[in-house]
Novice: 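Once you've had a glance at the structure underneath, I'll fire off some questions.
Throughout, protein chains are lettered first and strands after them, A, B, ... in sequence-line order, and every chain is numbered starting at 1.
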Amino acid sequence: MKYNPSVIEKKWQKKWSELNSFKATIDYTKPKYYVLEMFPYPSGAIHMGHVRNYTLGDLVARYKKAQGFNVLHPMGWDSFGLPAENAAIENKTHPSKWTNSNIQNMKIQLKQMGLSYDWERELSTCDPDYYKFEQKMFLDFYKIGIAYKKETLVNWDPVENTVLANEQVIDGRGWRSGAEVEKKKMKGWFLKISYFADELLEEIENLNGWPEKVKTMQRNWIGKSYGATIKFSLDNSSEKLTVFTTRPDTIFGATFIAISPQHPLAKKISNKDFKAADFIKFCEKNSTKEADIEKAEKYGYETNLSVYHPFKNGVKLKIFIANFILMDYGTGAIFGCPAHDQRDYDFAVKYSLDIIPVINTKENLPFIGDGIHSNSQFLNGLNTDDAIKLCIKKLNELEIGEEKITYRIRDWGVSRQRYWGCPIPIIFCNNCGEVPVPEEHLPITLPEDIDFNISGNPLDNHPTWKHTNCPKCNKKAIRETDTFDTFFESSWYFARFTDLNPSSAFTEEAIKYWMPVDQYIGGVEHAVMHLLYSRFFMRALKHVNSINLDEPFTSLQTQGMVCHQTFKTKKEQWIFPSDIIKKDNEYFHFESKEPVIAGRIEKMSKSKKNVVDPQQIIENYGADTARFFMLSDSPPNRDMEWSDSGVEGSWRFLNKLWKFVKSLPIRNTRDELPTNVSKQNKELLIFMNTTIQDVTKAIDEFHFNIAVAQIRSLFNFVSSHKIENNDDLKVVFFVTSKLLILINPMVPHLAEELWNSLGNKNSISNECWPKVDLSYIKKNNVKIPIQVNGKVRAVIEVPLGLEKSDIEEIALKEKNVLKFLNKSPKKVIIIPNRVVNFVI
RNA sequence: GCGAGCGUGGCGGAAUGGUAGACGCACUGGACUUAAAAUCCAGAGUCCGAUAAGGACGUGGGGGUUCAAGUCCCCCCGCUCGUACCA
C-alpha cells in the first residue's frame, strides 16, 4: 500500500474531531500548558507564514500533551480592520460578509493542516459578543482617566477628505488620489500607556522566556531618558521657553534654539510673520511617519526671536523653527550644541551658526563622548556625569530648570475614522459634553447598511446611526463615530480564550489557572507594538479590577519570514513560481515559453508573486509534508526559504518512513525488549536513547530543525539495522515505536496511521513522551583532538576522566603529532575529556 | 535617520571558546530497468597532491583578546524587521 496522505489525513482529522482529542479539560487540578500562536487576520486564505506559525505552535501543543499537561491551544480571528473596508469598496461586498466567508474558508484550511486546536474556544473579534467587553473596558479606563481625548496629527488626504493610515501614504501622497498628504490636527481617543511606562520598562528584566532582542527593542521604544528642562527667557518679552535636554552639561556650547513647527510659540510667531507661517505650512507637507520625518532634509526657519543664555551674561540665542523637532518628545524645543551633537552640527553648518566646543577632545567635531569640560564657567574641569549633576543643581538654585525624566513612548492613539472596528461608547451632548454610554446600553453595534462611496468617515456619513439622545439629559446628542484601533482587540484575546462565558470578559478561576500564556509564538514584526500594548492592557485591566495579572506571556518565540525566489519577465513583470518550468538550469514561462529571469530570494509577497499557495502543497503532498518541511531546514526564529526541492526531500523521507514501518513483519510487541541484548542491538538502543534525550532538548530550546535532523538520523540507524532473529525484530519494533512518538508532533496524521498499523488501538496523541534510559547513554570513552599550536593533528580515543599525564603520554605516541612537534613544547594545555594543545 | 537582528560549502543549515560543515537539498558515479522516473548504494568545502597518505586555505571584510575564535571585543560592508493609523 502506498503512502496516500489525502486519505489518511482526512481519516485522522475526522477521528480527532469525533473524539474531541484536543479539548482543553476544565480540571484546574492538573498541570496546565497554554500555547498560543498569534491569531490571523482573515484575509481570505492562509499563506505560508500562517503555515509556519501554526506548525510551530502545533508541535509545542502536541509535545506538551504527550508530556502530560492539560493543554490549551485555541484559535480565533483578528477580524476587524482596514482590508475588509478596502474589499468592500473594490468588490461591493459588505465587510462582515467578506470577513465571515474568509473565516469559513481559512478554518477549513487550518483543519486540513491537522492542527490540534480546541475549536470549541474559537472567537472572532468583530463579533459583538467579543467586542462588547472592550466597550466596557474602555468605559472603565475612561472613568479613571486611562482613556482620554486629545489633539493629534493625522495624515489627511485633501482630495478624498479622509484620514490615511501610514501604509496608505506612499512617497508623501495618498495611495488612491495621489494627492499630496497634509498633516492635520484632529481630536482622538488615547490610552495612557505612559502612566505604566516605568513598570513596563522595569518588568522587562523579569521576562526570562523572551528573546533578548525583543526586550531590547521594547526598552528602546519606551526610551526612558534622564535629563533636564531649562527655562530660557525670551528677549523683549516676559515669556519663557522651556527646552528638554539629556546633556545639560553642554549648555555653554549652545548656539541656537530650535522648536517644533507645532510648538505653541511657533504658532504665535506665525501670526505676525508670514514667512514663518509659510515655513510651518511647508513642514506640514510630509507624512506623520517617523522615518519620513527623520529622513527628510533638515530645514530651519530663523525667526526674529531670541532667548538669553541662562549662564552667559548678555549672550542671545536665535530661535529657529525646525522640521526635525518633534512636538511629542520632551517639550518640543531644544537648545542646539553643534560641537557635541551630530544633528545640531549639521544644522549649524547648513545655517552658518557658531560651533563652540566645551568638552576637551583631540577627535573631530562633533564629539559625542565623555570628557573634561572647558569654556564652561562653573563646569570647567568636570567630566560629563559630574557636570550634568552640577548643572542641574545650579538650574534648581536659580529656579530656571530641574532634573527631568522623559520617555520616548507616546500614549496610544486608539481612534480610527473607519467603519470596520469596534464603536467607541461615548456620546457628545451640547449640554453635558462627553457622556459615556451607560453599561446597560452596551454593546453599541455597527449599522448594517453602510455606504463606502462617500468620502470621509462612513459612520459619520451614516444618515441615522450617530444620532441619539443624551443618557444624562435626554436631549439630542451625537455618538462618537470613531472606532478602535484593531490592536485593542488583540491586546486581550489571549485572556478571553481561557473562558468564553457570555456574561463577563474573564472569570477569575480560569484566568488564575490558564494565564499567563506559557508559550506565545508569532512574527517578529510584532516585537514592540502588539506585545507592548498587550503588556500594558493587562496592567490597565488590573487597575480597574477586571483581571489579576501582570505579564501575559511567560515565554515568547518570534518566527522568521517565509521567503521564495522571485521571477520576472524581461518586461519586468513578476511571475508566480507555479507558472515556471525549469530546463537545463534556466527558467521559462509555462505558457509563453519566454525565458524568465530568476531574481533574489525575498519574503513571500503577493505584489512580487513569489508565493506558493499552501492549499496546492496540501493537495499535492499532504499537510504532513508541508509541516515537516516547515520544521526541517531553518530554525524557527530565522527566515526560511520555501523550495520545491526541500518539499520533495520531506516527501521522500515520509515515504521512506511509511515503507519501512509497513514492511515490518510482526505486530504488537512494541514494549518488549529481549532479555539479553546483543551488542548490535545495544548500539541501536544507545542511539535511540541519545536521540530521545537530544530531541527533547532541541524541542525545549525551540531548535526544531535539529530535532528533525536527529529523528532522521535515528531513522537512518534503525532502518538499516540488520534483522536476523526475533530479538533484533523486537528491538527494531521498540525503537520504531518510540520514533513514531517523537515524530508525532511534527507529522501527526502519518504517525497515527503508522502507529495504528503497528497494532496499536489507542491514538498516538494519547501516548506519553518517551523517557530516556540513562543506563544506555553512559559513555566510557571519549574522543579528544590533539592540537599542535592550535591545529588538530590527531584524534585519540581515551577512557572518560583519564588523568592529564596519561592523556599526554598517549597523545605523544601519535605519529602525526610528533611530525609537527619538532621542538619541545613551551606549554602543554590539557583539558580532560576535551582537548590537548602543544604550544611550541 | 533611529532602534533591533542576521551574514558559515553550489544551497538550507549544524557546532557548552576546544575535531567547522551534523542532518538534508542539489550534484557526480554505481546498482536495478529495454529505457526513463522512482528506489537503493557510494562520493563530495576549495586548492595542492596521484583518485592515496598528508598538507595549505576557509565561517561577509579589516583589526584585536586567547594556548585555542564561526562563537568574545572594536571598526566597516550588505541584507531584513520595526519606526507609533497595515495586521
Novice: Just how far, in rounded Å, is C1' of B:G82 from OH of A:Tyr533?
Specialist: 12 Å
Novice: Does B:A84 have OP1 or OP2 sitting under 4.0 Å from an N or O in the side chain of A:Arg410?
Specialist: no
Novice: So is A:Arg343 actually on top of A:Phe324's ring, under 6.0 Å and inside 45° of the axis?
Specialist: no
Novice: Round to a whole Å and report the spacing from CH2 of A:Trp77 to C1' of B:A87.
Specialist: 14 Å
Novice: Using whole Å, what does the distance between atom P of nucleotide B:U83 and atom CG of A:Asn155 come to?
Specialist: 13 Å
Novice: Should the pair A:Lys224 and A:Tyr407 be classed as cation-pi, given the thresholds of under 6.0 Å to the six-membered ring centre and 45° from the axis?
Specialist: no
Novice: For B:C23, does OP1 or OP2 lie under 4.0 Å from any side-chain N or O of A:Ser713?
Specialist: no
Novice: Map A:Lys298 and A:Ser632 onto RNA chain B by nearest heavy atom, then report which one ends up closer to the 5' terminus.
Specialist: A:Lys298
Novice: Both conditions, 6.0 Å and 45 degrees, for the charged tip of A:Lys662 above the ring of A:Trp658: are they met here?
Specialist: yes
Novice: Any non-hydrogen side-chain atom of A:Val163 less than 4.5 Å from a side-chain atom of A:Arg416?
Specialist: no
Novice: A:His526 has an atom NE2; how far is it from atom C1' of B:U83, in whole Å?
Specialist: 15 Å
Novice: Please work out which of the three classes, parallel, tilted or perpendicular, describes the rings of A:Phe39 and A:Tyr493, given edges at 30° and 60°.
Specialist: parallel
Novice: Any non-hydrogen side-chain atom of A:Cys126 less than 4.5 Å from a side-chain atom of A:Trp420?
Specialist: yes
Novice: Please write out the pairs of protein N or O atoms and N or O atoms of nucleotides 62-71 of chain B separated by less than 3.5 Å, giving the distance to one decimal.
Specialist:
| from | atom 1 | to | atom 2 | distance (Å) |
| --- | --- | --- | --- | --- |
| B:C67 | O2' | A:Asn837 | ND2 | 3.2 |
| B:C67 | O2 | A:Asn837 | ND2 | 2.7 |

Novice: Under the salt bridge (Lys or Arg N to Asp or Glu O under 4.0 Å) test, which residues partner A:Arg173, sequence neighbours left out?
Specialist: A:Glu180
Novice: Using a heavy-atom cut-off of under 4.0 Å over every strand shown, decide if A:Asp639 touches base, sugar-phosphate, or nothing.
Specialist: sugar-phosphate
Novice: Between A:Lys350 and A:Tyr299, is NZ or CZ placed under 6.0 angstrom from the six-membered ring centre and within 45° of the ring axis?
Specialist: yes
Novice: Polar atom pairs between nucleotides 50-60 of chain B and protein, under 3.5 Å, N or O only, would you list them?
Specialist:
| from | atom 1 | to | atom 2 | distance (Å) |
| --- | --- | --- | --- | --- |
| B:G54 | O2' | A:Lys819 | NZ | 3.1 |
| B:G55 | OP1 | A:Arg793 | NH1 | 3.4 |
| B:G55 | OP1 | A:Asn816 | ND2 | 2.9 |
| B:A56 | OP1 | A:Arg793 | NH2 | 3.2 |
| B:A56 | OP2 | A:Arg793 | NH1 | 3.3 |
| B:C57 | OP2 | A:Lys791 | NZ | 3.0 |

Novice: Grab the CZ-P distance between A:Arg343 and B:C2 for me, whole Å please.
Specialist: 10 Å
Novice: Check whether any side-chain N or O of A:Asn705 sits under 4.0 Å from OP1 or OP2 of B:C23, and answer yes or no.
Specialist: no
Novice: What integer distance in Å separates A:Lys804:NZ from B:G18:P?
Specialist: 17 Å
Novice: Using Watson-Crick or G-U wobble pairs with both distances under 3.5 Å, give me RNA chain B in dot-bracket, 5' to 3', with [ ] for crossers and | for pairs to another strand.
Specialist: (((((((..(((.....[....))).(((((.......))))).((((.....))))..(((((..]....))))))))))))....
Novice: Nearest whole angstrom, please: distance from the P of B:C79 to the CE of A:Met561.
Specialist: 14 Å
Novice: Is the cationic atom of A:Lys149 (NZ for Lys, CZ for Arg) positioned less than 6.0 Å from the six-membered ring centroid of A:Phe190 and within 45 degrees of its normal?
Specialist: no
Novice: What does nucleotides 3-10 of chain B look like as a protein-contact string, B for base, S for sugar-phosphate only, - for none, at under 4.0 angstrom between heavy atoms?
Specialist: SSSSS---
Novice: Taking A:Thr483 for the side chain and A:Arg418 for the main chain, is one N or O donor matched with an acceptor at less than 3.5 Å?
Specialist: yes
Novice: Mind checking A:Pro635 for me? I need base, sugar-phosphate or nothing, with any heavy atom below 4.0 Å counting as a touch.
Specialist: sugar-phosphate
Novice: Under 4.0 Å, heavy atoms only, any strand: does A:Ser415 hit a base, just the sugar-phosphate, or nothing?
Specialist: base
Novice: Looking only at atom P, what distance separates B:G5 and B:G55, rounded to whole Å?
Specialist: 40 Å
Novice: Starting from P on B:G1, measure out to CD1 on A:Ile325 and report it in whole angstrom.
Specialist: 18 Å
Novice: Which letter, B, S or -, goes with each nucleotide of nucleotides 37-47 of chain B from 5' to 3', with contact meaning a protein heavy atom under 4.0 Å?
Specialist: --SS-------
Novice: Say you pick atom P in B:A56 and the same atom in B:G70; how far apart are they, in whole Å?
Specialist: 16 Å
